[in-house]
Amino acid sequence: MSIGQLLTGNARSQARRLARVTWLCVFVYVFVCAFVCVFFAGSLGVAGESTSVTEPPPFLDQERVALLLTQLGDTRYVTRRRAEQELLQIGLPAFDQIDAATSEADPEVSASCRFLRSELTRRWTRRDDPLEVKRLVRSYSDYEENGRLAIVAQLGSLSDHLGQATLCRICRYDTSPVVARQAAIELLATTEWEPSYPADAPSLLREAIGTSRRPAATWIRLLAYQLESPSPSIPFWKEAIERNSKEAIGVAEKRASASQQLALRLHLVRLELLHGSRDDFLHAVASLLEASSETFEPTFAKLAEWTVAAQSSDRLDALFDTYESKLANSKGGLYTAAMARAKQGKTDLAEKLANAAFERPPSEPTRNPSDEALQQASQLQAKGYVEWARRELRRVVKEATVASVPHATACYLLANSLHDWQLDEEAADTLDIITNALKTNATARKTYNQRALQQNRRFQQRAPSYDTLVAYSHFYRACHYQAEGNRDQQWKSLEQAIKVGPNDIDILIAMYHASEDNPERRRQVKERMKKRLQMVEHQIEDHSNDANACNEWAWLVSNTEGDFEKAVRYSLRSLEVSPGSAGLLDTLACCYFAAGDLEKAIQHQSRAVKLSPHLQVLRRQLTRFEKTMKESEQ
């Protein structure tokens with residue numbers, strides 16, 4: 001082989017090797033590019049999901065609105081007015097940009113945007129809103145922030161999510177960030193164990209909140225996503241809660257913002273309990289309780305109640321293992337543990353804890369033991385633990401200074417509880433303890449009434465007047481005689497009761513029914529009723545939003561005679577002002593029953609029983625309605 005051939009062969013060999021290396025590099029490059037594309041595609045997919053969850057849909061007129069906002073500061077009047085009219089034509093979709101521009105440095109732009117904002121939000125109702133909603137928000141714009149917050153709470157308490165669309169509207173357009181956030185909190189239903197939403201709620205929520213970029217609007221979109229994908233929504237909620245905790249807020253907003261942050265954390269706990277792991281649940285609980293240290297006992301009680309409802313014994317045991325020492329530090333904590341164990345079915349352990357709570361001295365050495373016992377008794381009674389509550393009340397009756405306000409309040413509450421269970425003779429005897437102590441001492445009566453009034457004004461507690469105590473002592477005695485069939489003694493006791501309680505409608509109702517076989521007595525009772533109804537109606541005319549007056553008129557008529565349809569209207573008005581009240585729902589049910597609408601009577605009475613299941617009087621009323629319905633169908 002010649003040298004030329006050798007060189008040529010070497011060159012060819014090198015060329016082949018170079019080609020192989022080149023193809024290998026190309027392959028590696030292509031593989032790496034493909035891997036990077038796949039990786040970023042996955043990342044973009046996650047980011048895309050996050051965006052779809054929390055980000056609003058695009059607002060196509062955003063640039064046009066931005067241009068019109070700048071024209072509001074134009075030197076030419078015609079340009080400014082044309083821009084203003086075009087913004088009004090675009091309407092509510094431009095609200096966010098207009099709202100943000102109210103803080104513009106240019107005073108002309110700022111003033112115009114404030115005007116536009118008020119014009120856009122002048123009407124808070126829509127044609128298809130339910131009647132209950134229209135009544136609540138008809139004057140929404142006229143209220144200051146606290147008044148609007150009260151309406152938001154009422155919208156949140158409406159049954160069947162009737163206020164859902166309006167709450168979204170408020171979340172989106174109310175000028176107060178506090179009110180907007182609270183509307184979102186109400187939609188989360190953080191006070192309920194397992195709120196039920198309509199099947200189409202996710203789409204309705206997204207549509208109602210629209211393109212809003214407010215923080216609270218993010219919560220609404222997360223709620224919509226949560227309803228579709230509960231477990232995957234948890235990380236997004238954690239992010240939203242963390243972001244909310246870091247937001248800068250003014251001094252005036254701190255209290256409301258702290259409350260709303262707790263509500264968000266409570267919502268996360270509920271999600272973790274239903275769809276998360278045990279450790280994540282306990283971590284969420286720890287964060288919540290750390291942030292709510294001032295309300296540890298009621299918060300823990302709610303968590304324990306939810307955990308029992310979830311039938312998660314291991315998590316409930318973990319809660320008690322973690323917070324046992326803290327619960328044991330107070331009477332309230334021990335009772336909280338006792339109630340949770342009772343609901344869990346561990347009766348012996350519950351009684352042991354309740355006994356320990358009963359024997360425990362006041363949590364604060366300087367606190368009056370009677371005051372703490374009264375507080376615990378009220379809470380136990382409301383939760384349905386009647387015997388534990390009565391034991392606390394009986395001790396106050398026995399140990400408190402006779403004729404003191406705590407002593408009288410304990411007698412009154414204990415008698416009410418006994419009456420609810422139709423133990424009327426014991427109820428009357430209990431009230432006689434306090435009334436006999438004050439009966440012969442006018443100075444003591446005057447002093448007691450003054451102190452009771454001061455107590456009510458200071459603590460908003462119901463410390464009864466002396467006349468109230470006397471009236472109900474006779475009233476309960478009359479109920480006892482009625483059960484015995486002693487009509488004469490029943491009437492005598494009712495006459496004594498009405499002398500000191502002439503305006504008490506329960507006594508009037510009892511007298512009406514006790515006089516059915518005596519025309520003269522019935523005439524006298526009806527005359528008293530007429531005067532009382534006229535007086536109450538004057539109160540309603542002067543104060544149309546007086547829930548107590550509306551309820552009193554409706555209760556008296558529905559349990560006796562009169563315009564039952566009007567009673568229904570007044571009862572509905574009382575619930576507009578104070579929705580979600582078991583007592584007011586009880587009245588509405590009685591009004592419908594009197595008006596002959598048995599189906600609605602049972603419906604509303606069932607709601608009342610659900611709200612206050614411990615009240616036997618509500619249960620007896622429901623049984624009566626259901627019995628009447630059954631008889632009518634036969």
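- With hydrogens and angles ignored, the 3.5 Å screen pairs a side-chain donor or acceptor of Ser558 with a backbone N or O of Trp555.
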Exercise for the section: Show the numbers, then the answer: is there a side chain to side chain contact (heavy atoms under 4.5 Å, CB included) between Leu575 and Asn551? Expected result: CA-CA 9 Å; Leu575 281 161; Asn551 180 69; over 6 Å; no

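- Ring geometry, Phe296 versus Tyr323: the interplanar angle falls from 30° to 60°, so the pair is classed tilted.
- When all heavy atoms of Leu271 and Ile234 are compared, the pair lying nearest together is O-CD1, 4.1 Å.
- The main-chain N or O of Leu273 is found under 3.5 Å from a side-chain atom of Arg315 such that the two form a donor-acceptor pair.
- Considering CG of Leu155 and CG of Leu162, their distance stands at 10.0 Å, rounded to 0.5 Å.
- A side-chain donor-acceptor contact under 3.5 Å links Tyr385 to the backbone of Met339.
- From Ser139, atom OG reaches atom CZ of Arg148 across 13.0 Å, with rounding to the nearest 0.5 Å.
- Between Lys238 and Glu272, at least one side-chain nitrogen of the basic residue sits less than 4.0 Å from a carboxylate oxygen of the acidic one, meeting the salt-bridge criterion.
- With Trp219 as reference, Arg181 is the one residue of Arg214, Arg181, His267, Gln226 to meet the side chain to side chain contact (heavy atoms under 4.5 Å, CB included) rule.
- In this structure, the side chains of Asn244 and Ile241 stay at 4.5 Å or more apart for every pair of heavy atoms.
- Using a cutoff of 4.0 Å between basic side-chain nitrogens and carboxylate oxygens, Glu239 and Arg243 are scored as salt-bridged.
- Side-chain atoms of Leu188 and Trp237, non-hydrogen and from C-beta on, do get closer than 4.5 Å to each other.
- Two residues are said to be in side-chain contact when any heavy atoms from C-beta on lie closer than 4.5 Å; Gln164 and Leu167 fail this criterion.
- Formation of a donor-acceptor pair under 3.5 Å by the Ser157 side chain with backbone atoms of Gln154 is found in this model.
- We find the CD1-CZ distance between Ile602 and Arg607 to be 15.0 Å, quoted to the nearest 0.5 Å.
- The neighbour count for Lys343 NZ, taken as heavy atoms of other residues, nucleotides or ligands under 6.0 Å away, is above 12.
- Considering every non-hydrogen atom in both Val536 and Ala549, the closest pair reads CG1-O, 3.2 Å.
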Problem - Worked verdict on Arg82 versus Val78 for side chain to side chain contact (heavy atoms under 4.5 Å, CB included) - result: CA-CA 6 Å; Arg82 185 173 62 245; Val78 174; 3.9 Å; yes

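- A heavy-atom distance below 4.5 Å is found between the side chains of Ile209 and Cys171.
- Under the 3.5 Å distance criterion, the side-chain polar atoms of His614 are matched with a main-chain donor or acceptor of Ala382.
- For residues 132-158, the pairs satisfying ring pair (Phe, Tyr, Trp, His ring centres under 6.0 Å) are Trp124-Tyr140, with sequence neighbours left out.
- Here the side chains of Arg206 and Tyr225 are in contact, with some heavy-atom distance below 4.5 Å.
- When atom types are taken as modelled, the side chain of Ser245 and the backbone of Glu242 share a donor-acceptor pair closer than 3.5 angstrom.
- The local environment of CD in Glu144 is sparse, with at most 12 non-hydrogen atoms from other residues, nucleotides or ligands closer than 6.0 Å.
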Exercise for the section: Show the numbers, then the answer: is there a side chain to side chain contact (heavy atoms under 4.5 Å, CB included) between Thr218 and Phe236? Expected result: CA-CA 10 Å; Thr218 300; Phe236 295 112; over 6 Å; no

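- Listed here is the closest heavy atom pair of Cys113 and Leu69: SG-CD2, 3.7 Å.
- One N or O on the side chain of Ser574 and one on the backbone of Ser571 form a donor-acceptor pair closer than 3.5 Å.
- The backbone N or O of Val609 lies less than 3.5 Å from no partner atom in the side chain of Ser612, so there is not a single donor-acceptor pair.
- Of the possible polar contacts, none joining the Glu132 side chain to the Glu576 backbone as a donor-acceptor pair under 3.5 Å is found.
- A salt bridge does not link Glu372 with Lys331: every distance from a Lys NZ or Arg NE/NH1/NH2 to an Asp or Glu carboxylate oxygen is 4.0 Å or more.
- Distance check, rounded to the nearest 0.5 Å: CG of Asp129 to CZ of Arg138 gives 13.5 Å.
- Here the closest heavy-atom approach between residue Arg221 and residue Ser212 is recorded as NH2-O, 2.6 Å.
- The shortest distance between side-chain heavy atoms of Leu303 and Leu266 falls below 4.5 Å.
- Heavy-atom contacts from other residues, nucleotides or ligands closer than 6.0 Å to NZ of Lys610 number 12 or fewer.
- With 3.5 Å as the limit, one finds a donor-acceptor pair spanning the side chains of Glu145 and Ser176.
- For the pair Asp174 and Arg169, the salt-bridge criterion is not met [side-chain N within less than 4.0 Å of a carboxylate O].
- Rounded to the nearest 0.5 Å, atoms CG (Leu316) and CD (Glu305) are 11.5 Å apart.
- Here the side chain of Ser110 pairs a donor or acceptor atom with the backbone of Thr102 at under 3.5 angstrom.
- Distance OG1/Thr190 to CD/Gln260: 10.0 Å, rounded to 0.5 Å.
- Salt bridge Arg81/Glu86: absent, no basic N to carboxylate O contact under 4.0 Å.
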Exercise for the section: Go through the steps to decide whether Glu565 and Arg569 satisfy the test side chain to side chain contact (heavy atoms under 4.5 Å, CB included), and finish with yes or no. Expected result: CA-CA 6 Å; Glu565 296 297 334; Arg569 293 196 298 273; 4.2 Å; yes

Handout entry: Worked check of side-chain hydrogen bond (donor to acceptor under 3.5 Å, both in side chains) between Ser277 and Asp280
Key = CA-CA 5 Å; Ser277 68; Asp280 286 342; 3.2 Å; yes

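- Contact of the Glu194 side chain with the Leu274 side chain is registered, since non-hydrogen atoms from C-beta on lie closer than 4.5 Å.
- Looking at every heavy atom in both residues, Leu187 comes nearest to Cys168 through CD1-SG, 3.7 Å.
- Minimum heavy-atom separation, Ala554 to Thr587: CB-CG2, 3.8 Å.
- In this structure, Lys302 does not pair ionically with Glu297, as no charged nitrogen and carboxylate oxygen lie closer than 4.0 Å.
- Other residues, nucleotides and ligands contribute at most 12 non-hydrogen atoms within 6.0 Å of the CD atom of Glu207.
- Within the 4.5 Å cutoff, the side chain of Leu87 has heavy atoms near those of the Leu72 side chain.
- Between Trp193 and Trp306, the ring-plane angle classifies as tilted under the 30° and 60° cut-offs.
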